[in-house]
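Below is one structure, written out as structure tokens, with a few remarks after it.
No experiment lies behind these values; they were computed from the predicted model shown. If you read the sequence from its start, that first residue is 1, and numbering goes on from there.
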Amino acid sequence: MSTMQATTVSCPNWGRTNRVPVAAEGRPRCGHCKQPLPWMVDAGDDDFSEVAERADVPVVVDLWATWCGPCRMVSPALEKVATDLAGRIKLVKVDIDKNPRLSQRFEVQAVPTLLVLDQGETVARQAGAAPAPVLRQWVEQSITAREG
């Protein structure tokens, strides 16, 4: 994978569209207002290491499947958490049907399976859907426990 790949993110403050690299050092900021941007990207078997494990910020990994109803329900909640915690986390979504090596590596038994990675190391794991406030609390506790 090339770090030149990017995704488009709207600034929550200004609504302006920004190109954000899927893999980069640092934390993305809005080109207009300089506020942190939500960092939400897709990754797969071939680029997961570069996109998720080498990130400078904690990474929330969403291991999901297109046929999974709870996965479709949790996706907007995770996007809200990523927006609320912009600059503090990166959200990486992995379709397990298209990426069987990652599914096997993380021993996915149920979807969605959520992970928090810090410098490539799994620091928290949860299976099943939950509302945004519960997910945000889980992510923040996972990050805080790791820092402390």
Residue pair Asn18 / Cys11, side-chain heavy-atom distance below 4.5 Å: yes
Atom pairs and distances, donor-acceptor, side-chain atoms in residues 33-41, under 3.5 Å, two or more places apart:
residue : atom : partner : partner atom : Å
Lys34   : NZ   : Gly31   : O            : 2.9
Trp39   : NE1  : Pro21   : O            : 2.9

Stepwise side chain to side chain contact (heavy atoms under 4.5 Å, CB included) test for Leu135 and Leu78: CA-CA 7 Å; Leu135 292 172; Leu78 286 170; 3.9 Å; yes
Main-chain N/O of Pro131 paired with Lys80 side-chain donor or acceptor, under 3.5 Å: no
Minimum heavy-atom distance between Ala23 and Lys90, given as atom pair plus value: CA-NZ, 4.0 Å
Gap between atom SG of Cys71 and atom CD1 of Ile96 - 0.5 Å precision: 7.5 Å
All pairs passing ring-ring contact (aromatic ring centres under 6.0 Å, His included) where residues 12-38 contributes a residue, at least two apart: Trp14-His32
Sequence neighbours excluded, every pair satisfying side-chain hydrogen bond (donor to acceptor under 3.5 Å, both in side chains) that has a member inside residues 56-74: Asp62-Lys93, Trp67-Asp97
Rounded distance (nearest 0.5 Å) linking atom CZ of Arg27 with atom CD1 of Ile89: 11.0 Å
Taking every non-hydrogen atom, the tightest pair across Val59 and Ala55: CG2-CB, 3.5 Å
Any side-chain heavy-atom pair of Val81 and Trp138 under 4.5 Å: no
Any side-chain heavy-atom pair of Pro100 and Asp45 under 4.5 Å: yes
Which donor-acceptor pairs under 3.5 Å do side chains of residues 104-116 form with protein atoms, sequence neighbours excluded?
residue : atom : partner : partner atom : Å
Arg105  : NH1  : Glu53   : OE2          : 3.0
Arg105  : NH2  : Glu53   : OE2          : 2.2
Thr113  : OG1  : Ala110  : O            : 2.4

Set of salt bridge (charged side-chain N to carboxylate O under 4.0 Å, His left out) partners for Lys98, sequence neighbours left out: none
Minimum heavy-atom distance Ala43-Asn99, with the two atoms named: O-ND2, 4.0 Å
Connected via hydrophobic side-chain network under 4.5 Å: Leu91 and Val123: yes
Residue pair Asp95 / Ala65: nearest heavy atoms and the distance that separates them: OD1-CA, 4.2 Å
Pairwise salt bridge (Lys or Arg N to Asp or Glu O under 4.0 Å) hits with a residue in residues 125-137, at least two apart: Asp84-Arg136, Arg136-Glu140
Side chain to side chain contact (heavy atoms under 4.5 Å, CB included) between Val20 and Thr8, worked out: CA-CA 6 Å; Val20 176; Thr8 304; over 6 Å; no
